[in-house]
*Asks:* 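A single structure is presented below for examination.
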There are 2 protein chains.
Amino acid sequence: MSLIFSRQCEYALQAVLYLALKPHNEMTSIKELTRRLDIPYHFLAKILQDLTRKGLLSSLKGPTGGFALGMPAKDITLFHIVEAIDGVDFMHSCVMGFPECTGKNPCAVHEKWAGLRDGIYTMLVSKNIAEMAKNMRKPEYQSA
Amino acid sequence: MSLIFSRQCEYALQAVLYLALKPHNEMTSIKELTRRLDIPYHFLAKILQDLTRKGLLSSLKGPTGGFALGMPAKDITLFHIVEAIDGVDFMHSCVMGFPECTGKNPCAVHEKWAGLRDGIYTMLVSKNIAEMAKNMRKPEYQSA
DNA sequence: GAATATTCGGATATTTTAGTCTTAATATAA
DNA sequence: TTATATTAAGACTAAAATATCCGAATATTC
């Protein structure tokens with residue numbers, strides 16, 4: 001099997017999107033996140049730590065502590081999150097894994113894939129998570 | 001990190017494409033394949049065995065033995081290979097991993113991804129490997 | 001029939017990813 | 001200041017993906 005994004009990255013996307021729905025400056029605990037998103041507690045903790053180190057989130061210890069976005073939601077795209085967790089090698093590598101695949105020396109689907117890859121990029125950058133949050137009121141996010 | 005296709009699948013695509021360039025009924029040894037494609041010998045052996053069990057390749061032991069396509073090249077698409085190795089869950093699962101993501105209850109990029117996913121599918125099925133082989137004469141495949 | 005070149009199959013090893021546990025640090029509130 | 005609720009950090013375990021090894025089976029050639 002193989003996903004577009006690693007499981008870790010999927011969890012990161014889900015968690016950051018969840019935080020984008022929250023009022024600015026409100027801290028959200030790992031406990032709440034894992035309950036709502038059904039992600040293993042300690043695993044999510046690691047991921048959030050990582051995103052915090054990279055500046056995408058901020059954190060606060062103690063009661064009333066938790067995580068929040070590290071910058072305005074309008075400045076964060078899905079691409080930032082993917083970049084932070086999985087990296088973006090997929091943007092410049094051959095979909096069939098040919099090391100020599102280039103424009104001069106293309107594989108059988110080089111051009112097709114170039115278009116699709118650009119489409120994926122556009123999907124990830126064309127909306128910031130503030131815009132996404134606006135049109136979002138999903139079961140997984142509704143009050144329990 | 002995370003690729004579209006697993007490494008195993010990439011190797012399978014490369015190997016089958018290589019075999020498609022060969023005259024029908026000519027057997028190709030693992031040795032030749034690994035030399036040309038720079039894939040670990042024993043790992044490729046496993047993958048080819050697997051493709052043989054699934055009917056995509058045929059094999060013959062002994063000197064002059066090796067592997068060949070298990071059916072006419074015009075009947076094989078990249079999709080068949082991906083299906084055999086990685087499976088095609090990516091065709092029906094949410095790109096952000098939301099278990100509840102459906103048409104009625106879409107994630108933020110549900111529609112965008114649906115279009116791209118269809119594009120990937122089209123890329124994989126629109127040409128058979130005979131057609132691909134015709135327009136292919138890549139360095140990695142040229143005579144050593 | 002013997003020597004040889006190959007695939008087959010199973011066991012094992014290594015690396016990466018996923019997930020868990022435990023202790024420390026820290027912030028809050030009583 | 002003490003109890004408590006949280007994140008931080010690192011060690012650990014589990015599972016999956018990647019890769020290797022070896023002996024058996026088999027086909028070819030001499």
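For the numbers below, each heavy atom of this structure counts, side chains included, while hydrogens, waters and symmetry mates do not. Per chain, numbering begins at 1; letters A, B, ... match sequence-line order.
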*Asks:* Of all residues at least two apart in sequence or in a different chain, which pass the side chain to side chain contact (heavy atoms under 4.5 Å, CB included) check with B:K31?
*Replies:*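 B:S29, B:Y41.
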
*Asks:* If you assign each of B:T64 and A:C9 to its closest nucleotide in DNA chain C, which residue comes earlier from the 5' end?
*Replies:* B:T64

*Asks:* Write down the distance between CE (B:M27) and P (C:dT7), rounded to a whole number of angstrom.
*Replies:* 10 Å

*Asks:* Measure all distances between protein nitrogen or oxygen atoms and nitrogen or oxygen atoms of nucleotides 13-16 of chain D, and list the pairs falling under 3.5 Å.
*Replies:*
none

*Asks:* Residues in side chain to side chain contact (heavy atoms under 4.5 Å, CB included) with B:H110, at least two apart?
*Replies:*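 B:H110 satisfies side chain to side chain contact (heavy atoms under 4.5 Å, CB included) with B:C101, B:P106, B:C107 only.
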
*Asks:* What integer distance in Å separates A:I47:CD1 from D:dT7:C1'?
*Replies:*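 Taking CD1 of A:I47 and C1' of D:dT7, I get 15 Å after rounding.
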
*Asks:* Enumerate the residue pairs fulfilling salt bridge (Lys or Arg N to Asp or Glu O under 4.0 Å) with a member in residues 19-29 of chain A, sequence neighbours excluded, ordered by first and then second residue.
*Replies:*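 Found A:K22-A:E26, A:K22-A:E32.
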
*Asks:* According to side chain to side chain contact (heavy atoms under 4.5 Å, CB included), who are the partners of A:K74, at least two apart in sequence or on a separate chain?
*Replies:*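 With sequence neighbours excluded, A:K74 shows a side chain to side chain contact (heavy atoms under 4.5 Å, CB included) to A:P72, A:N128, A:A130, given in chain and number order.
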
*Asks:* Ignoring backbone atoms, test whether A:K31 places a side-chain nitrogen or oxygen under 4.0 Å from the OP1 or OP2 oxygen of D:dA5.
*Replies:*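 So the side chain of A:K31 is outside the cut-off, no N or O lying under 4.0 Å from OP1 or OP2 of D:dA5.
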
*Asks:* Applying side chain to side chain contact (heavy atoms under 4.5 Å, CB included), can you list everything that pairs with A:L116, at least two apart in sequence or on another chain?
*Replies:*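 By the side chain to side chain contact (heavy atoms under 4.5 Å, CB included) rule, A:L116 matches A:W113, B:L116, B:I120, B:M123.
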
*Asks:* Only counting residues at least two apart or in another chain, list the ones meeting ring-ring contact (aromatic ring centres under 6.0 Å, His included) with A:F67.
*Replies:* none

*Asks:* Return the minimal non-hydrogen interatomic distance between A:A15 and A:L33, and the atom names on each side.
*Replies:* O-CD2, 4.2 Å

*Asks:* How many whole angstroms separate atom CZ of B:F5 from atom C1' of D:dT18?
*Replies:* 19 Å

*Asks:* Take the protein atom CD1 of B:I30 and the nucleotide atom P of D:dC22, then report the distance between them rounded to whole Å.
*Replies:*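 Going from CD1 in B:I30 over to P in D:dC22 covers 16 Å.
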
*Asks:* Do the side chain of B:Q8 and the main chain of B:I47 share a donor and acceptor less than 3.5 angstrom apart?
*Replies:*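 No; judged by distance alone, with no hydrogens or angles, the pair does not exist.
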
*Asks:* Is there any protein nitrogen or oxygen under 3.5 Å from a nitrogen or oxygen in nucleotides 8-12 of chain C, and what are the pairs?
*Replies:*
unit_1 : atom_1 : unit_2 : atom_2 : d
C:dC8  : OP1    : B:S59  : OG     : 2.5
C:dG9  : N7     : B:Q49  : NE2    : 3.2
C:dG10 : N7     : B:K46  : NZ     : 2.8
C:dG10 : O6     : B:K46  : NZ     : 2.8

*Asks:* Identify all side-chain donor-acceptor contacts of residues 52-60 of chain A below 3.5 Å with residues at least two apart in sequence or on another chain.
*Replies:*
unit_1 : atom_1 : unit_2 : atom_2 : d
A:T52  : OG1    : A:L48  : O      : 2.7
A:R53  : NH1    : A:D50  : OD1    : 3.3
A:R53  : NH2    : A:Q49  : OE1    : 3.4
A:K54  : NZ     : A:A84  : O      : 2.8

*Asks:* How many Å lie between CG on B:L3 and P on D:dA17, as a whole number?
*Replies:* 13 Å

*Asks:* Nearest-Å distance, CG (A:D50) to P (C:dT17)?
*Replies:*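 Atom-to-atom, A:D50 to C:dT17, this comes out as 13 Å.
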
*Asks:* With axes from five pairs an end, tell me the bend angle of the helix from C:dG1-D:dC30 to C:dA30-D:dT1, nearest 10°.
*Replies:* 0°

*Asks:* Any sub-3.5 Å donor-acceptor pair from B:Q14's side-chain atoms to A:G97's backbone N or O?
*Replies:*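 Flag set: sc B:Q14 to bb A:G97 pair under 3.5 Å.
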
*Asks:* Is the side chain of A:D86 donor-acceptor paired with the backbone N or O of A:S6 at a distance under 3.5 Å, no angle test?
*Replies:*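 Present.
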
*Asks:* Do A:L69 and A:I129 come within less than 4.5 Å of each other through their side chains, counting heavy atoms only?
*Replies:* yes

*Asks:* Write down the distance between OH (A:Y41) and C1' (C:dC21), rounded to a whole number of angstrom.
*Replies:* 12 Å

*Asks:* Take atom OH of B:Y11 and atom C1' of D:dA19, then tell me their distance rounded to the nearest Å.
*Replies:*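 In whole Å, D:dA19 C1' and B:Y11 OH are 9 Å from each other.
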
*Asks:* Could you tell me if the side chain of A:L124 sits less than 4.5 Å from the side chain of A:T77, heavy atoms only?
*Replies:* no

*Asks:* With sequence neighbours excluded, tell me which residues meet ring-ring contact (aromatic ring centres under 6.0 Å, His included) with B:F79.
*Replies:* B:Y121

*Asks:* Under a 4.0 Å heavy-atom cut-off, which of residues 89-97 of chain A touch DNA chain D?
*Replies:* none

